[in-house]
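Input: a single structure, listed below in structure tokens.
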Amino acid sequence: MTGQERSEEKSECVSLSPMMEADPALPESERVCVFGTGDLGHSLGLRLLQAGYGVVFGSRRPHSSSRLPHGAQVLGHAAAAQSAHLIFIAVQREHYDFLVPLANQLKGKVLVDLSNNLRKNQYPEANAEYLQSLVPGAEVVKGFNTLSAWSLQNGPSDANRQVYICGESAEAKEAVIAVATKLGLSALDRGSISVARELEDFPLQLFPQWRLPLRIAIGLSAAFFFYLLIRYVIYAYVTQGKDISFRIMVSLANQVCPIVSLIMLSLCYLPGVLASFLQLYRGTKYRRFPNWLDRWMLCRKQLGLLSLGFAFLHVLYTLIIPIRYSVMFWVTEHTVSLIRENRTTEFDTTTAWRSDSYLSLGILGFGLYVLLGITSLPSVSNALSWREFSFVQSKLGHLTLLLCTAHTYLYGWNRFLSSSTYKWYTPPGYMLCLVLPSVVLLLKLLLITPCVDRTITRIRQGWERGADQRNPKDSQPLIP
Ligand code: NAP
């Protein structure tokens with residue numbers, strides 16, 4: 001034994017007060033060790049204790065560790081390592097070299113590498129691989145790194161229930177999966193240690209599936225905002241010398257929101273329609289869709305939720321119309337001028353019908369919109385069968401698109417034919433936004449016509465066009 005090892009052992013023995021000794025009553029499988037008493041170590045230790053495990057912390061300063069969860073024990077690293085088979089390493093990768101002198105105590109132990117990095121490719125090898133190279137006698141398992149200290153302390157929500165693990169030893173992974181299950185987490189084995197880098201990159205991703213939909217939403221909002229600004233505010237200033245810039249805050253916003261919402265809802269259903277036509281054209285479902293279509297289909301939920309957000313803003317902006325100063329002013333002014341001129345206006349039944357239908361379709365469309373949003377939440381969609389989910393998202397989704405499109409057509413009403421609508425020869429925003437939903441609805445209509453629908457259904461059940469000619473044996477009856 002070297003002098004350094006002797007002094008380490010001495011310092012560990014010194015740190016062992018009777019209270020701090022590992023509970024010998026618990027079997028080793030019920031005891032878990034956590035190296036590091038920082039944020040993650042503390043939260044993980046707390047959850048492990050709550051799940052019924054005996055927790056032994058390994059710390060550089062076992063005497064002065066003040067923020068440990070009640071019921072945990074704290075020892076020096078070497079003594080703590082001997083108390084359990086499974087050790088969580090809740091220490092930053094930069095400090096992993098402290099494990100090298102502990103190689104003997106860690107031999108045969110399962111080390112769970114929890115570490116993350118600040119950026120992708122920060123180190124030449126994955127942290128878990130680095131850890132394995134430092135302690136070759138141990139079985140390293142990468143995992144739990146996608147959880148946060150905060151979520152562990154607050155109980156896992158749906159999004160935080162899934163943990164990914166990888167490692168070379170199946171036995172070691174089983175031991176980690178058993179702990180995860182007891183903590184109420186669901187562990188997914190992603191394979192060998194070579195996947196560790198991918199798992200370490202997971203927490204660095206910032207809304208990966210929201211990026212494209214967010215860009216589309218921002219791009220559309222900006223484009224339509226400037227388009228409407230020119231058509232209304234600048235047009236009024238240039239042609240009539242009127243300053244109506246105050247309309248930017250509510251009127252313009254209330255035009256941009258429904259436009260973006262309707263276009264994004266169409267973008268949500270367009271890829272499904274395109275995919276159906278592609279399958280029809282190819283006569284098979286066994287060929288991959290192009291990457292751009294795959295990517296587009298994968299972000300339909302985010303497109304839908306963003307479009308719901310814009311629809312919600314449209315509703316809020318519409319509800320505040322009666323309390324706007326400019327509206328109250330014009331209504332009062334109009335009423336006073338009618339009285340002053342001793343005039344009355346005729347009640348127009350057609351306008352009343354149009355206005356009520358327009359509002360009613362908008363309300364129904366928004367109601368279904370909300371239903372689509374609610375059923376896309378994991379906790380709700382998990383409670384539905386696939387058939388129920390696809391009924392809501394596909395059938396009711398297309399119905400929502402139809403109602404919202406009809407709502408917009410009714411808004412336009414007879415203004416489609418009036419030349420004064422086309423300021424500076426440009427169509428208003430609501431007309432532009434009707435193009436895409438109308439195309440999607442027309443294509444969908446084509447797809448549900450019986451002859452096309454029959455072919456699509458057969459293709460989706462595995463039928464392939466031309467397969468009989470390619471392999472004539474397939475078409476021969478089994479019993480002559
Ligand atoms: P932290 O709060 O900084 O705690 C790290 C702990 O490591 C310290 O409390 C200390 O415990 C120990 N330590 C520090 N320097 C050391 C050294 N030179 N030698 C040996 N031990 C040393 O960090 P953390 O937030 O808990 O994160 C720990 C690891 O988990 C990191 O790799 C991080 O990437 C990963 N992670 C963290 C979170 C999170 O939400 N915080 C989520 C996922 C993954 P003692 O003083 O007791 O020795």
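Here the structure is a predicted model, which is why all the values come from computation and not from measurement. Start at 1 and go down the list; that is how both ligands and their atoms are numbered. In this chain, residues are counted from 1 in sequence order.
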Note the single closest protein heavy atom to atom 35 (C) of ligand 1, along with its residue, its atom name and the distance in Å.
L114 O, 3.4 Å
Atom indices of ligand 1, in the order listed, that fall short of 4.0 Å to a heavy atom of G36:
11 (O)
Looking only at protein heavy atoms, what sits closest to atom 11 (O) of ligand 1 is T37 N, 3.2 Å
Counting from 1, what ligand 1 atoms have a heavy atom of S115 closer than 4.0 Å?
32 (O), 34 (O), 35 (C)
Based purely on interatomic distance, does F98 place a nitrogen or oxygen under 3.5 Å from a nitrogen or oxygen of ligand 1?
no
Is it the case that the side chains of R60 and T37 hold a donor-acceptor pair, with the cut-off being a distance below 3.5 Å and no angle test?
no
Polar contacts were defined as any N/O atom of the residue lying under 3.5 Å from an N/O atom of the ligand; does this apply to V91 and ligand 1?
yes
To check your reading of the model: name the closest protein heavy atom to atom 2 (O) of ligand 1, its residue, and the distance in Å.
D39 N, 3.0 Å
Look only at interatomic distance and state if G38 has a nitrogen or oxygen under 3.5 Å from any nitrogen or oxygen of ligand 1.
yes
Hey, which atoms in ligand 1 end up nearer than 4.0 Å to a heavy atom of L147?
42 (C), 43 (C)
Please check if the number of heavy atoms outside Y130 that lie under 6.0 Å from its OH is greater than 12.
yes
Passing candidate, side-chain contact (heavy atoms from CB on, under 4.5 Å) with I177, options L185, I165, L188
I165
Can you find an N/O atom of N116 closer than 3.5 Å to an N/O atom of ligand 1?
yes
Heavy atom of the protein closest to atom 30 (O) of ligand 1 (residue, atom name, distance)
L40 CD2, 3.3 Å
Nearest candidate to atom 3 (O) of ligand 1, where distance is taken over non-hydrogen atoms, out of R61, Q92, H42
Q92
Ranking H77, R60, E200 by closest non-hydrogen atom to atom 14 (C) of ligand 1, top hit is R60
Tell me which protein heavy atom sits closest to atom 39 (C) of ligand 1, plus the residue, atom name and distance to 0.1 Å.
A149 N, 3.7 Å
Heavy atoms of other groups near R282 CZ, more than 12 under 6.0 Å:
yes
Could you verify whether a donor N or O on one side chain and an acceptor N or O on the other, from N127 and D113, lie under 3.5 Å apart?
no
Please check if atom CD in E94 has more than 12 non-hydrogen atoms from other residues, nucleotides or ligands closer than 6.0 Å.
yes
S59 N/O under 3.5 Å from ligand 1 N/O
yes
Pair E30 + K182, salt bridge at N-O below 4.0 Å:
yes
Heavy atom to atom 6 (C) of ligand 1, shortest distance: which of A90, G41, S151 holds it?
A90
Taking only Lys NZ, Arg NE, NH1 and NH2, and the carboxylate oxygens of Asp or Glu, determine whether E139 and K109 approach each other closer than 4.0 Å.
no
ring-ring contact (aromatic ring centres under 6.0 Å, His included) evaluation trace for F202 with Y164:
CA-CA 10 Å; F202 274 176; Y164 303 98; 5.1 Å; yes
Answer yes when R93 and E125 have at least one side-chain N-carboxylate O distance shorter than 4.0 Å, and no when they do not.
yes
